[in-house]
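Quick note: numbers below take in every heavy atom, side chains included, and nothing from hydrogens, waters or symmetry partners.
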Amino acid sequence: ESKYETEVAKWQTHDDVAKWLKSNFVFDKNRQAEGLLQLKKTGPENILTRKPETLFENHNGYCRDSAGFAKDALNRVNPRHQARYIFIKNKYGPPNHWVTGFKVDNKLYVIDYGAGKHWRAMKGVHGPYESLEGYKTFLASLSLQGFAPEMVKWRDIPGRED
């Protein structure tokens with residue numbers, strides 16, 4: 001059993017996942033740049049997403065890594081969370097954004113600790129929402145440099161783990 005699995009086994013709620021990400025996750029602009037370059041060169045199938053165990057050890061990454069960690073940890077804490085990836089297409093073009101949606105009492109919540117400093121207003125746990133449309137409305141209400149949500153949808157994350 002990894003250190004990650006041992007630690008997550010102690011967590012009780014989505015707040016524990018959020019607390020760890022808020023205190024430990026560090027946005028890595030270089031990793032984001034590598035992802036964008038990979039996307040341009042070969043498309044989404046070769047972009048890397050950090051394994052949750054790796055992120056737990058080294059603490060850094062970008063939105064895909066944070067979303068992957070949150071999805072895995074939330075589903076370990078409580079499978080009823082039904083945590084899944086949400087893809088946010090940026091109207092202004094790349095970078096787009098990945099977050100994790102999950103359920104509590106049949107309401108939608110979103111956890112996002114993978115935003116860089118210019119988009120920090122979107123960080124946190126948001127909700128409850130009736131649907132993704134409510135979350136999109138929240139995002140549209142933020143004044144963020146170079147960002148406007150064109151599309152917000154459930155989507156499996158393409159690419160590979162590292």
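- With hydrophobic clusters built from ILVMFWY side chains whose heavy atoms lie under 4.5 angstrom apart, L144 shares a cluster with Y135.
- Every residue was checked against the side-chain contact (heavy atoms from CB on, under 4.5 Å) condition with A33, not counting sequence neighbours, and none meets it.
- Heavy atoms of other residues, nucleotides or ligands lying less than 6.0 angstrom from CZ of R155 number more than 12.
- In this structure, the side chains of Y129 and F138 come closer than 4.5 Å at one or more pairs of heavy atoms.
- Neither V26 nor L48 shares a network with the other; the hydrophobic side chains, linked directly or stepwise wherever heavy atoms of I, L, V, M, F, W or Y lie under 4.5 Å apart, form separate groups for each.
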For side-chain contact (heavy atoms from CB on, under 4.5 Å), just list the numbers for H14 and V104, CA-CA rounded to whole Å, side-chain angles, deciding distance to a tenth of an Å, and then say yes or no. CA-CA 9 Å; H14 68 272; V104 176; 3.9 Å; yes

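- We find the CG-CD distance between N78 and Q12 to be 10.5 Å, quoted to the nearest 0.5 Å.
- Applying the salt bridge (charged side-chain N to carboxylate O under 4.0 Å, His left out) test to K10 and every residue at least two apart in sequence or in another chain returns E7.
- Remark: E130 CD is loosely packed, at most 12 non-hydrogen atoms of other residues, nucleotides or ligands lying under 6.0 Å away.
- Applying the side chain to side chain donor-acceptor pair (under 3.5 Å) test to every pair with at least one member in residues 92-106, sequence neighbours left out, gives these pairs: H97-D112.
- Criterion: ILVMFWY side-chain heavy atoms under 4.5 Å apart, direct or through other members. Under it, M122 and L132 are part of a common hydrophobic cluster.
- For R76, the salt bridge (charged side-chain N to carboxylate O under 4.0 Å, His left out) partners at least two apart in sequence or on another chain are E5, D72.
- Scanning both residues, L36 and P95, for their nearest heavy atoms gives CD2-CA, 4.0 Å.
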Would you please test V8 and F56 for side-chain contact (heavy atoms from CB on, under 4.5 Å) and show each step? CA-CA 10 Å; V8 173; F56 185 77; 5.7 Å; no

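- M151 and W119 are assigned to two separate hydrophobic clusters, defined by single-linkage of ILVMFWY side chains at heavy-atom distances under 4.5 Å.
- Under the 30°/60° scheme for interplanar angles, the aromatic rings of W11 and W20 are found to be tilted.
- Both L142 and I86 are part of a single hydrophobic cluster, where members link through side-chain heavy atoms under 4.5 Å apart.
- Closest heavy-atom contact between K123 and A115: CE-O, 2.9 Å.
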Check against side-chain contact (heavy atoms from CB on, under 4.5 Å), F27 and Y62: CA-CA 5 Å; F27 185 80; Y62 69 122; 3.7 Å; yes

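- Here the shortest heavy-atom pairing between L139 and P149 reads CB-CG, 3.8 Å.
- Contacts of D156 classified as salt bridge (charged side-chain N to carboxylate O under 4.0 Å, His left out), with partners at least two apart in sequence or in another chain: none.
- Sorted by first and then second residue, the side chain to side chain donor-acceptor pair (under 3.5 Å) pairs involving residues 44-57 (not counting sequence neighbours) are T42-N46, T49-R64, R50-N60.
- In this structure, F147 and I88 have side chains that are in contact, with non-hydrogen atoms separated by less than 4.5 Å.
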When you look at L55 and F25, which way does the side-chain contact (heavy atoms from CB on, under 4.5 Å) test go after all the steps? CA-CA 8 Å; L55 182 61; F25 182 78; 3.8 Å; yes

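- Rounding to the nearest 0.5 angstrom, the gap separating the CZ atom in R84 from the CG atom in N75 is 10.5 Å.
- Of all heavy-atom pairs spanning S66 and L21, the tightest one is OG-CD2, 4.0 Å.
- Of all heavy-atom pairs between V125 and Y109, the closest is CG1-CD2, 4.4 Å.
- Below 30°, between 30° and 60°, or above 60°: for H81 and F102 the angle between ring planes is above 60°, a perpendicular geometry.
- For P44 against L39, the heavy-atom pair with the smallest separation is N-CD1, 3.7 Å.
- The NZ atom of K107 lies 10.5 Å from the OG atom of S131; values are rounded to the nearest 0.5 Å.
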